[in-house]
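Comments concern the structure below.
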Number of protein chains: 2
Amino acid sequence: MAAPTDRREVILREAAELFARQGVAATTVREIADAAGILSGSLYHHFASKDDIVDAVVSTFLTDLRKRYDEVLSAGGDVADRLRGLVVASLETVADHPRATEIYQNDAHRLAADNGYPYVEESAKAVRAAWVGLLEEGRATGAFRRDVPVKVMYPLLRDGLWLTARWFRPTKAYGHEQLAADYWRMFSSGLTAESTAGSAAKARPGSAA
Amino acid sequence: MAAPTDRREVILREAAELFARQGVAATTVREIADAAGILSGSLYHHFASKDDIVDAVVSTFLTDLRKRYDEVLSAGGDVADRLRGLVVASLETVADHPRATEIYQNDAHRLAADNGYPYVEESAKAVRAAWVGLLEEGRATGAFRRDVPVKVMYPLLRDGLWLTARWFRPTKAYGHEQLAADYWRMFSSGLTAESTAGSAAKARPGSAA
DNA sequence: GGGTACGTAGCAAGCGCTTGGTCGGGACAG
DNA sequence: CTGTCCCGACCAAGCGCTTGCTACGTACCC
């Protein structure tokens, strides 16, 4: 709208918007074409298939995400610093690709279950390895609590972070930086405290399901 | 399979399974009928439409959820106890309706955006009111931290809880009760601690977005 | 013998995608 | 400077198939 650059870019932008709002399966190529200002047949001059459009949106998002994670992990620092880095990197990725994040959250496992999205599952494993690695390191060094399994910690952090794409709309007064700071406040408290509420917290082995 | 009770029950169970796995839009009435052991046309002896099946699954889940929440809120106790009650009630609902929880998480806003699911949006508001009410009460009485807005606290709790339906598979050693206990450990630490990590936490007004 | 629970067959609409053609503008020979 | 050639970007039309759903027939059971 600001810069009517390439038609391909317009298609990708409008498709991501529709995919995020109504889901991939419920979005038709005619809707995408309408939003991009062309006819449905003309889509196939730019993309080989509908799946190809989904692929372009999601893979751009995943590539960017993994690049940020690699930078955080290779930067070093103590465990809490690196974990905080993952939190910030995740929310920055959400800020840059809000629609793609929603699509990935809603349809990732269906894309992975389908035929031709091998890198989706591979990226999911890499992302999981980054988080679980840090959490287990922090548990081993005593930086994090030991009375909650890592297998429970990780999904809580992951879902809380990625689902921000569904509800968070940044304003001038409260942007993604503030959100990251607040999330980190709650995460660090929740991960480090050994026992603050009236529940008998005894150290248990880190195994679940 | 064990007890081939009512065909209607079988249809609902199989439909919920399919809706959760592949999404509502991507599931066809023929798939549902196949899974239930009948032909697609025969579905319409039991249900008026595909939407009617979705409706039956989701509304049962929402009715059960709101009943549990009402019981918790009317039981009384201090703020932390009631909040803990909501956590337990939510995970119990997930345990009883795992597929419906997934469907609701993945497709709720699309159902609400569509035409004929008014109770979905209404239930979402009631659920949100329960959480936000308790969080603000705890913030006012000093039971919970004041340096993170309630509008940020609530989605973190909500998404972390409901998304358990996607990944958590209970075992004999670690069931929903243990999960609820561990979640509450992390929540209570994260909600009450004023500052444990190396971030300058000053009290800020509870406004976001 | 009426009602319930299905099967059978198929319709209208919509799906992703293909095909063949139009049109405008840049490249380039003369 | 002009004519022609070409090619990318798009339109118009429609193909084969699937979708949710319907009309009607039938077996069976109280």
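Being a predicted model, the structure only gives us computed values, none of them experimental. Values below: every heavy atom of this structure, side chains too, minus hydrogens, waters and symmetry copies. Convention: sequence-line order gives letters A, B, ...; per-chain numbering from 1.
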**Report entry** Test: B:Asp70 and B:Lys67 ion pair at under 4.0 Å
**Finding:**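 The answer is no: the pair does not qualify as a salt bridge.
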
**Report entry** Electrostatic pair B:Arg8:B:Asp6 at N-O distance under 4.0 angstrom
**Finding:**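 No, B:Arg8 and B:Asp6 are not salt-bridged.
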
Report summary line: Quick tally for nucleotides 22-30 of chain D: nucleotides whose base has a protein heavy atom under 4.0 Å get B, sugar-phosphate-only ones S, the rest -, giving B--------

Please state how far atom [atom1] in [X] lies from atom [atom2] in [N], giving the value in whole angstrom units.
X       : N      : atom1 : atom2 : answer
A:Arg8  : D:dG8  : CZ    : C1'   : 15 Å
B:Ile38 : C:dA5  : CD1   : P     : 11 Å
B:Asp51 : D:dC21 : CG    : C1'   : 12 Å
B:Leu43 : C:dA9  : CG    : P     : 18 Å
B:Asp52 : D:dG20 : CG    : C1'   : 13 Å

Query raised in the report: Just checking B:Leu39: base, sugar-phosphate only, or nothing, at a heavy-atom cut-off of under 4.0 Å?
Result: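 It contacts base atoms.
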
Query - Donor-acceptor contact present, side-chain B:Asn106 to main-chain B:Glu102, <3.5 Å - result: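 Confirmed, B:Asn106 side chain pairs with B:Glu102 backbone.
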
Run the ring pair (Phe, Tyr, Trp, His ring centres under 6.0 Å) test against [X] and tell me which residues pass, sequence neighbours left out.
X        : value
A:Phe61  : A:Tyr104
A:His46  : none
A:His176 : A:Phe168
B:Phe19  : none

Query - Taking every non-hydrogen atom, the tightest pair across B:Ile103 and B:Ala16 - result: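 Here B:Ile103 and B:Ala16 meet closest at CD1-O, 3.6 Å.
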
Query raised in the report: If every non-hydrogen atom of B:Val88 is compared with every non-hydrogen atom of B:Ala180, which pair is closest and at what distance?
Result: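 B:Val88 and B:Ala180 have their closest heavy atoms at CG2-CB, 4.3 Å.
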
Does the side chain of [X] get closer than 4.0 angstrom to OP1 or OP2 of [N] through an N or O atom?
X       : N     : value
A:Arg7  : D:dA9 : no
B:His45 : C:dA5 : yes
B:His46 : C:dC6 : yes

Query raised in the report: Between the two end axes of the helix from C:dG1-D:dC30 to C:dG30-D:dC1, each built from 5 base pairs, what angle do you get to the nearest 10°?
Result: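 Overall, the helix from C:dG1-D:dC30 to C:dG30-D:dC1 bends by 0° from one end axis to the other.
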
Query raised in the report: Partners of B:Glu121 by side-chain hydrogen bond (donor to acceptor under 3.5 Å, both in side chains), sequence neighbours excluded?
Result: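 With neighbours one apart ignored, the set is empty.
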
Dump every N/O contact between nucleotides 1-3 of chain C and the protein below 3.5 Å, one line per pair.
none

Query - salt bridge (charged side-chain N to carboxylate O under 4.0 Å, His left out) contacts touching residues 14-43 of chain A (sequence neighbours left out) - result: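 Non-adjacent pairs meeting salt bridge (charged side-chain N to carboxylate O under 4.0 Å, His left out): A:Glu17-A:Arg99.
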
Query raised in the report: Excluding sequence neighbours, so at least two apart, what forms salt bridge (charged side-chain N to carboxylate O under 4.0 Å, His left out) with B:Asp52?
Result: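 Scan of B:Asp52 (salt bridge (charged side-chain N to carboxylate O under 4.0 Å, His left out), adjacent residues dropped) gives none.
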
Query - side chain to side chain contact (heavy atoms under 4.5 Å, CB included) involving B:Ala143 - partner list, sequence neighbours excluded - result: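 Per chain and number, B:Ala143 pairs via side chain to side chain contact (heavy atoms under 4.5 Å, CB included) with B:Thr141.
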
Query raised in the report: Are A:Ser42 and A:Arg7 close enough that a side-chain donor and a side-chain acceptor fall under 3.5 Å?
Result: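 There is no such pair (donor and acceptor under 3.5 Å, judged by atom type) between the side chains of A:Ser42 and A:Arg7.
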
Requested in this report: Specify the residues of residues 22-34 of chain A, ordered by number, for which at least one heavy atom lies under 4.0 angstrom from an atom of DNA chain C.
Outcome: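 Those residues are A:Thr27, A:Thr28, A:Val29, A:Arg30.
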
